[in-house]
Amino acid sequence: MTTTTNVRVRFAPSPTGYFHVGGARTALYNWLVARQANGSFLLRIEDTDRERSDDQWTDGIVNALSWLGITWDEGLFHQSERHELYNDAVARLVANGHAYACDCPRDAIDERTKTRQTPGYDGFCRDRNLEPGAGKALRFRVPDLGVTTVHDLVRGDVDFANETIEDFVIVKSNGDPLYVLAVVVDDVDMGITHIIRAEEHLPTTPKAVLIWQALSDTPLPAFAHLPVLVNEKRQKLSKRRDRVAVEDYRNLGYLPEAMINYLCLLGWAPNDGRELLAIGEMISEFRLEEVNKSPAFFDEKRLNHFNGLYIRALTTDEFVERAMPFVSRDDVPWNKDKFDLQRFITLAPLIQERITTLGEIPNYIKFLFADPFDIDTAVFEKAMLKDSSSLEILRAARSAFSEATFDPESLKKILITIGEQFDRKLAKTQAPIRVATMGSPVGLPLFESLAILGRARVLARLDHSIMIAEKTR
RNA sequence: GGCCCCAUCGUCUAGAGGCCUAGGACACCACCCUCUCAAGGUGGAGGCACGGGUUCGAAUCCCGUUGGGGCUACCA
């Protein structure tokens, strides 16, 4: 296990917005490849565009990856701190004729393009031998003939005719390197062997190949372009359009291991039908060559399913521990110092099998810790006033509970007996009691809840509802 | 417009020429279980985009059509 290989991968997000699940999936696949090969996973922040980059987004990326358990072996690298490297590479490119200065304004290029059949830059400055410097951009001289082939592990060979690739800009006129240049310089410098990224980068990959070959004799890395993740309209997930920030899922109460499992299956599946995969299984079984080519819809419903399974697989102790941040938040629907850990623990197993996200917990235990306790009028009316015997049941229960042993079994027997008096099944008998004591027609099992609530509060709540019902009828 | 990618149930997928009467999972529906709601169990409906080839045989290979998507900045 201590043998290391030379496999080196990198995850290179740009800090220009919330870190979304598509990026997380890309990071995961990179990480799996690194772990499987016992190689290295590097994290590099692509912040060459200073205006769009912001440290807060970098923090978000770092936090999200940490939460997911995707650890990096080298980094964080910031492209913004590596300008010397880029300048050096640019100087070499200019010196050996691969790059040239260009002072064409955009509108001039567009004007000339109108009269041409091929779109893009027309190579106007190619042989003008402009002296590179301030106010002039640098363009890469793309061969007029031939084909640049991208060998892609998931898509096979993809050919691009060089004549369809324009002489693209690699350095802005203000001297800043462009992404396409910085990426290659860094990948060469860091000895990256596998470039695993989203499919949207495929069209610019021949440019990267050309730069790589102009800059280095080292063999090209293997490429793997992953299918993009799409929304319900089958458009690429976007930070602006779609609310899919990893951070949001964390706050909603998704488990990182469920998220990882779901993400892993978005574009890849093991040979047999297994869907619940441990990290170790993903690491040993994942194959880039088996990654699907078509876009995948990020389906929250399916994520929910996985999250529910993972929550239910927790031991009670683990569950309680995971739940703590969600029952101690400021926005919890009860006075924070009313919270009682022991009582929560007692109910925990019952909650655990009912929820799909940890964020749902407060609503389940609100009845226990919220005092004063009030009931939604619509709910109350439906449960208490639509049925004439509801009030009678409340009274009967009030009377019987005042002397009962307060354990679930005893309480249940009492209610069954009361139900018989009214010729009702238990399902019907429990309804008004539930609303009166728990505030909702749905929720945790009633008798366990009553027992934990305790006689005093149960009686008080019954009295309260009886009073309201009497007044209203 | 140009370049490129993609195409199995609504969704995620299994399927690498006969094992396919196309399998699983989510979602959906029904039933069972049941103090509510869930969870769980059982069952059901639902798909190879279309057209040509190749082949004894095609979801699987080839071509085309259609449809979807990505890129097309001195963004990343």
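Below, each value reflects all heavy atoms present in this structure, side chains not excepted, and no hydrogens, waters or symmetry copies. Within every chain, numbering begins at 1; the chains are lettered A, B, ... in the order of the sequence lines, protein sequences first and strands thereafter.
Out of B/rU13, B/rC35, B/rC74, the shortest distance to the side chain of A/Arg139 is found at B/rC74. Picking from B/rA76, B/rC37, B/rC35 the nucleotide with the shortest atom distance to the side chain of A/Ser14 gives B/rA76. Of the candidate nucleotides B/rC4, B/rC35, B/rA39, B/rC35 has the atom lying nearest to any side-chain atom of A/Phe447. Distance from the side chain of A/Lys293 is smallest to B/rC6 among B/rC3, B/rA76, B/rC6. Picking from B/rG40, B/rC74, B/rC26 the nucleotide with the shortest atom distance to the side chain of A/His305 gives B/rC26. Proximity note for A/Ala296 (side chain, C-beta onward) versus B/rG40, B/rC12, B/rG69: the nearest is B/rC12.
Heavy atoms of A/Ser294 sit under 4.0 angstrom from primed sugar atoms or phosphate atoms, though from no base atom. Note on A/Leu266: only backbone sugar-phosphate atoms sit closer than 4.0 angstrom, heavy atoms only; bases stay farther off. Nucleic acid contact for A/Asp47: none, since no nucleic acid atom lies under 4.0 Å from a heavy atom of the residue. Residue contacts shown for A/Cys264 are absent, as no nucleic acid heavy atom lies under 4.0 Å away. At a threshold of 4.0 angstrom between heavy atoms, the contacts of A/Gly267 are confined to the sugar-phosphate backbone, with no base atom among them. Residue contacts shown for A/Glu46 are limited to sugar-phosphate atoms, with no base heavy atom under 4.0 Å away. In this structure, A/Arg106 reaches the sugar-phosphate backbone alone: every heavy-atom distance under 4.0 Å involves primed, P, OP1 or OP2 atoms, never a base. Heavy atoms of A/Phe160 sit under 4.0 angstrom from primed sugar atoms or phosphate atoms, though from no base atom. Backbone-only engagement by A/Ala269 is indicated by non-hydrogen atom pairs under 4.0 Å involving sugar-phosphate atoms exclusively. Using a 4.0 Å heavy-atom criterion, one finds that A/Leu303 contacts no nucleic acid atom at all. As judged by a 4.0 angstrom heavy-atom cut-off over every strand, A/Arg52 is placed among the base-contacting residues.
For A/Lys172 and B/rC75, the shortest distance from a side-chain N or O to OP1 or OP2 is below 4.0 Å. Contact annotation: A/Thr48 side-chain N/O to B/rA76 OP1/OP2 distance is under 4.0 Å. For B/rG70, neither phosphate oxygen OP1 nor OP2 lies less than 4.0 angstrom from any side-chain nitrogen or oxygen of A/Arg234. A sub-4.0 Å separation between OP1 or OP2 of B/rA14 and a side-chain N or O of A/Asn292 is present.
Rounded to whole Å, the P atom of B/rC71 lies 28 Å from the corresponding atom of B/rC61. With both ends at atom C1', the span from B/rG64 to B/rA25 equals 35 Å, rounded to whole Å.
A/Val154 and A/Ala224 get closest at one heavy-atom pair: CG1-CB, 3.9 Å.
Side-chain atoms of A/Arg25 come within 3.5 Å of backbone N or O of A/Leu266 as a donor-acceptor pair.
Ring-to-base geometry places A/His201 in a stacked arrangement with B/rA76 (centre distance under 5.5 Å, plane angle under 30°).
Between A/Tyr86 and A/His83, the two ring planes are perpendicular [angle over 60°; tilted spans 30° to 60°]. Using cut-offs of 30° and 60° for the angle between ring planes, the A/Tyr179 and A/His201 rings count as tilted.
The nearest heavy atom of RNA chain B to A/Lys412 and to A/Thr164 marks one nucleotide each, and the one closer to the 5' end goes with A/Thr164.
Counting distance only, with no hydrogens placed and no angle test, the side-chain atoms of A/Glu448 and the base atoms of B/rC35 include a donor-acceptor pair under 3.5 Å. Side-chain N/O atoms of A/Arg434 and base N/O atoms of B/rU36 include a donor-acceptor pair closer than 3.5 Å. Counting distance only, with no hydrogens placed and no angle test, the side-chain atoms of A/Arg354 and the base atoms of B/rC37 include a donor-acceptor pair under 3.5 Å. Remark: the A/Thr204 side chain and the B/rC71 base include no donor-acceptor N/O pair separated by less than 3.5 Å.
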Apply ring-ring contact (aromatic ring centres under 6.0 Å, His included) to A/Tyr254 and A/Phe306, showing your working. CA-CA 9 Å; A/Tyr254 286 86; A/Phe306 280 99; over 10 Å; no

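Shown are A/Asp186, A/Val185, A/Val184; of these, the side-chain contact (heavy atoms from CB on, under 4.5 Å) with A/Val188 is made only by A/Val184.
To the nearest angstrom, C1' of B/rC5 lies 13 Å from NZ of A/Lys236. Following rounding to the nearest Å, A/Gln235 (CD) and B/rC5 (P) show an atom-to-atom distance of 22 Å. Put simply, CZ on A/Phe223 is 22 Å from P on B/rG70, counting in whole angstrom units.
A 3.5 Å limit on both hydrogen-bonding distances identifies B/rA7 as the Watson-Crick or G-U partner of B/rU66.
The salt bridge (Lys or Arg N to Asp or Glu O under 4.0 Å) analysis of residues 411-421 of chain A, with sequence neighbours excluded, yields no pairs.
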